[in-house]
Amino acid sequence: MGWRGILGCEYGIVQAPLGPDISGPELAAAVSNAGGLGLLRAPDWEAPDHVRELIRKTRSLTDKPFGIGVVLAFPHEENLKVILDEKVDVLQLYWGECTKELVEEAHQVGVKVVPQVGSFEEARRAINVGVDAIIVQGREAGGHIIGQDALITLVPRVVDLVGDKDIPVIAAGAIVDGRGYVAALALGARGVCLGTRFLATEESNAHPLYKRKLVEYDQTEYTDIFGRARWPGAPHRVLKTPFFNDWRSLPPNENEVNQPIIGRSTVHGVEKQIHRFTGTVPNSTTTGDIESMAMYAGQGVGLIKEILPAGEVLRRLVEGAQLIIQQQFGAI
């Protein structure tokens, strides 16, 4: 039963930490309650009290395992202290060095460490420091993309690299339905990590218009026009909205700093102005010119036809995968 659980969960389905605050307690708990692994997203600045509040609120909504994602490119030391103090089940790391010291510190308090990588070499380093699982992200993924390899070639290479070590490989990038789940299992992955599909759920904290665009549009593009000043050298995949099509050739010397304010948002409890080309996606509190804001999405967005409860997304993934395995491979 290849789709069975990893990291203490019933199924090998992980909900990506959607940021900066799109995967809050409601979404993470809904995924975990349905048998997957829900991941909160830590703020991209030090906010230890807020992180503790997020974790405790999630615990009030589920008694199942869940985790929290930390982007190492931003200040995070105080947030990490709280995460380890609260003994969250899983610490997911991205965009920075996952050190042996950090892994050992987490293991001392029973926290599993799961980095997301985008290359063979990054996977090798993760294995060498003793991580508990690895999320392998293909270039097809939405949001910020750390590597250049396609999922179909990168996952088998990492699986071979892991060998007989008990380190589950989790595939991420354009996986939306049971077909993608089975394809990932065929490549040797033991689980899948979905971002865009869980973005388009009832429990997601994304702005309603953003959710509607995920259903409406089916094209994405790899770009770097959003958030250049705040997070340089961090390309991303976004929906091809009319705004993006108008500005896709933004000169390299331009960024969000001197751009007009197009909206406002409360992100992790902090009031923020949103300038044109800011990398922050619109959440449920955002006001202003929503259609001109960053809307991250993976290449699988064309397969998303409706906004669903997160538990229903998970149920369809599992049942769809089971059906394909039984129908296509049952007689072999």
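No hydrogens, no waters, no symmetry mates; every other heavy atom, side chains included, goes into these values.
In this structure, E86 pairs ionically with R52, as a charged nitrogen and a carboxylate oxygen lie closer than 4.0 Å. The pair K305-D177 does not meet the salt-bridge criterion, since no charged nitrogen lies less than 4.0 angstrom from a carboxylate oxygen. Between R316 and E312 there is a salt bridge, since a side-chain N of the basic residue sits under 4.0 Å from a carboxylate O of the acidic one. A salt bridge links R228 with D224: at least one charged nitrogen is closer than 4.0 Å to a carboxylate oxygen.
Grouped by direct or indirect side-chain proximity (heavy atoms under 4.5 Å, Ile/Leu/Val/Met/Phe/Trp/Tyr only), I145 sits with Y222.
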Under the side chain to side chain contact (heavy atoms under 4.5 Å, CB included) rule, what do L18 and S204 come out as? Steps first, then yes or no, please. CA-CA 9 Å; L18 306 164; S204 144; 5.6 Å; no
Subject >> Verdict with supporting geometry, K211 and E202, salt bridge (Lys or Arg N to Asp or Glu O under 4.0 Å) >> reply: CA-CA 9 Å; K211 294 184 190 183; E202 291 177 5; over 6 Å; no
| task | Begin with the C-alpha distance, continue with both residues' side-chain angles, and end with the deciding distance and a verdict on side chain to side chain contact (heavy atoms under 4.5 Å, CB included) for W247 and R276. | result | CA-CA 11 Å; W247 292 95; R276 188 167 60 192; 3.6 Å; yes
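In plain terms, the two heavy atoms of L102 and L93 that are nearest each other are CD2-CD1, 3.7 Å. Of all heavy-atom pairs spanning E122 and Q116, the tightest one is OE2-O, 3.9 Å.
Defined by atom type and a distance below 3.5 Å, a donor-acceptor pair is present between the side-chain atoms of D132 and H107.
Under the 4.5 Å side-chain heavy-atom criterion for grouping Ile, Leu, Val, Met, Phe, Trp and Tyr, L151 is not connected to I146 through any hydrophobic cluster. One hydrophobic cluster, built from ILVMFWY side chains closer than 4.5 Å, holds both L91 and V169. Linking Ile, Leu, Val, Met, Phe, Trp and Tyr residues whenever their side-chain heavy atoms come within less than 4.5 Å leaves V136 and W95 in two separate clusters.
With a 4.5 Å cut-off on side-chain heavy atoms, E140 and I175 do not count as touching. The side-chain heavy atoms of L161 and I127, taken from C-beta on, include a pair separated by under 4.5 Å. Residues T99 and V129 fail the side-chain proximity criterion, which asks for heavy atoms closer than 4.5 Å.
A donor-acceptor contact shorter than 3.5 Å is absent between the side chain of D21 and the backbone of G269. Without hydrogens or angle criteria, R197 side chain to A200 main chain gives a donor-acceptor distance under 3.5 Å.
F74 meets the ring-ring contact (aromatic ring centres under 6.0 Å, His included) test with W231; sequence neighbours excluded. Contacts of Y296 classified as ring-ring contact (aromatic ring centres under 6.0 Å, His included), with partners at least two apart in sequence or in another chain: H144, H236. Not counting sequence neighbours, R125 has no partner by the side chain to side chain donor-acceptor pair (under 3.5 Å) test. Residues forming a ring-ring contact (aromatic ring centres under 6.0 Å, His included) with F66 (at least two apart in sequence, or on another chain): none.
Applying the salt bridge (charged side-chain N to carboxylate O under 4.0 Å, His left out) rule to pairs touching residues 243-255 yields E221-R248, sequence neighbours excluded.
Rounded to the nearest 0.5 angstrom, T201 OG1 and L199 CG are separated by 7.5 Å.
Shown are I22, V71, N205; of these, the side-chain contact (heavy atoms from CB on, under 4.5 Å) with R41 is made only by V71.
A 6.0 Å sphere centred on NZ of K57 holds no more than 12 heavy atoms belonging to other residues, nucleotides or ligands. For CD1 of I152, the number of neighbouring non-hydrogen atoms (other residues, nucleotides, ligands) closer than 6.0 Å is 12 at most.
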